[in-house]
Amino acid sequence: QVQLVESGGALVQAGGSLRLSCAASGLSFSDYYMGWFRQPPGKEREFVAAITGASSRINYAGSVRGRFTISRDNAKNTVYLQMNSLKPEDTAVYYCAAGKYYSTLTLTRDYTYWGQGTQVRVSS
């Protein structure tokens, strides 16, 4: 049974930083690319960042490029999202996801497994 468990969400002031973690189990972690998505209140789920199994390809949404960094530790079956210079518009539930066959890495349909999400709130 595949499980993805996010952690690290919190309430933070604008300009602050957070690091989200997603621990995976039940899959051959290095065979999967991993993504972070977020869903702001009242809005659709949107792509944030993705990383392939060997970290050879990394994608970011334009809204977070330069502020967020995705990384992974295959020995720990964990993917991270370092978020710096946070803005109120980054407020959302953040989800990690895993997939094996992709077209763009940025679409929800590219991902098979999803975590339950972790809440990030950024106050102004």
Side-chain angles (χ1 to χ4, degrees):
Q1 180 183 359
V2 175
Q3 280 193 311
L4 302 178
V5 180
E6 303 95 335
S7 61
L11 172 64
V12 63
Q13 286 190 328
S17 297
L18 282 176
R19 188 174 84 152
L20 305 184
S21 299
C22 173
S25 59
L27 74 171
S28 182
F29 186 69
S30 61
D31 289 342
Y32 285 76
Y33 53 88
M34 301 296 294
W36 286 98
F37 289 75
R38 66 186 182 187
Q39 188 161 13
K43 296 185 178 180
E44 299 284 317
R45 194 169 298 191
E46 62 185 27
F47 170 75
V48 175
I51 185 168
T52 52
S55 303
S56 55
R57 178 179 171 183
I58 292 175
N59 284 17
Y60 292 102
S63 58
V64 307
R65 189 174 292 115
R67 300 188 297 123
F68 290 12
T69 302
I70 188 171
S71 62
R72 64 190 294 160
D73 185 337
N74 288 344
K76 295 183 178 179
N77 286 8
T78 301
V79 62
Y80 305 98
L81 186 68
Q82 177 67 42
M83 305 188 295
N84 299 329
S85 302
L86 282 161
K87 304 175 181 180
E89 51 264 44
D90 294 318
T91 293
V93 178
Y94 283 71
Y95 299 89
C96 75
K100 208 168 183 181
Y101 305 104
Y102 67 91
S103 59
T104 69
L105 288 175
T106 64
L107 302 175
T108 56
R109 67 170 182 250
D110 289 335
Y111 295 83
T112 305
Y113 303 109
W114 291 83
Q116 292 301 305
T118 186
Q119 177 74 57
V120 172
R121 290 191 176 94
V122 184
S123 63
S124 56

Handout entry: Where at least one partner belongs to residues 35-70, residue pairs that pass disulfide bond (SG atoms under 2.5 Å apart), sequence neighbours excluded
Key = none
Distance, nearest 0.5 Å, that separates [atom1] of [X] from [atom2] of [Y]:
{"X": "Q39", "Y": "Y95", "atom1": "CD", "atom2": "OH", "answer": "5.0 Å"}
{"X": "T69", "Y": "N84", "atom1": "OG1", "atom2": "CG", "answer": "6.5 Å"}
{"X": "R67", "Y": "S85", "atom1": "CZ", "atom2": "OG", "answer": "7.0 Å"}
{"X": "W36", "Y": "Y60", "atom1": "CH2", "atom2": "OH", "answer": "12.5 Å"}
{"X": "S55", "Y": "R72", "atom1": "OG", "atom2": "CZ", "answer": "6.0 Å"}
{"X": "S7", "Y": "Y94", "atom1": "OG", "atom2": "OH", "answer": "15.0 Å"}

Could you go through residues 106-113 and list every donor-acceptor pair under 3.5 Å that involves a side-chain atom there, pairing it with any protein atom two or more places apart or in another chain?
{"residue": "T106", "atom": "OG1", "partner": "T104", "partner atom": "OG1", "Å": "2.9"}
{"residue": "D110", "atom": "OD1", "partner": "S103", "partner atom": "N", "Å": "3.4"}
{"residue": "D110", "atom": "OD1", "partner": "S103", "partner atom": "OG", "Å": "3.3"}
{"residue": "D110", "atom": "OD2", "partner": "T104", "partner atom": "N", "Å": "3.3"}
{"residue": "D110", "atom": "OD2", "partner": "T104", "partner atom": "OG1", "Å": "3.2"}
{"residue": "D110", "atom": "OD2", "partner": "L105", "partner atom": "N", "Å": "3.0"}
{"residue": "Y111", "atom": "OH", "partner": "L105", "partner atom": "O", "Å": "2.6"}

Are [Y] and [X] connected in a single hydrophobic cluster, I mean Ile/Leu/Val/Met/Phe/Trp/Tyr linked by side-chain heavy atoms less than 4.5 Å apart?
{"X": "M34", "Y": "V64", "value": "yes"}
{"X": "M83", "Y": "I70", "value": "yes"}
{"X": "L4", "Y": "V93", "value": "no"}
{"X": "I58", "Y": "Y33", "value": "no"}

Fill in the blank from the handout: Applying salt bridge (charged side-chain N to carboxylate O under 4.0 Å, His left out) to R65 and not counting sequence neighbours gives none
Exercise for the section: Decide yes or no for L86 and F68: does some side-chain heavy atom of the first lie under 4.5 Å from some side-chain heavy atom of the second? Expected result: yes
Problem - S17 side chain reached by Q82 side chain, heavy atoms, under 4.5 Å - result: yes
Check: residues 115-124 side-chain donor-acceptor pairs under 3.5 Å, at least two apart:
{"residue": "T118", "atom": "OG1", "partner": "G9", "partner atom": "N", "Å": "3.1"}
{"residue": "Q119", "atom": "NE2", "partner": "A92", "partner atom": "O", "Å": "3.3"}

Using a 3.5 Å cut-off and no angle test, enumerate the donor-acceptor pairs between side-chain atoms of residues 18-31 and protein atoms at least two apart in sequence or in another chain.
{"residue": "S28", "atom": "OG", "partner": "D31", "partner atom": "OD2", "Å": "3.0"}

Handout entry: Closest non-hydrogen atom pair between T78 and K76, with its separation
Key = OG1-O, 2.8 Å
For residues 42-54, tabulate all N or O donor-acceptor pairs below 3.5 Å that involve a side-chain atom, not counting sequence neighbours.
{"residue": "E46", "atom": "OE2", "partner": "R38", "partner atom": "NE", "Å": "2.6"}
{"residue": "E46", "atom": "OE2", "partner": "R38", "partner atom": "NH2", "Å": "3.2"}
{"residue": "T52", "atom": "OG1", "partner": "S56", "partner atom": "N", "Å": "3.2"}
{"residue": "T52", "atom": "OG1", "partner": "S56", "partner atom": "OG", "Å": "3.2"}
{"residue": "T52", "atom": "OG1", "partner": "R57", "partner atom": "N", "Å": "2.9"}
{"residue": "T52", "atom": "OG1", "partner": "R57", "partner atom": "O", "Å": "3.4"}

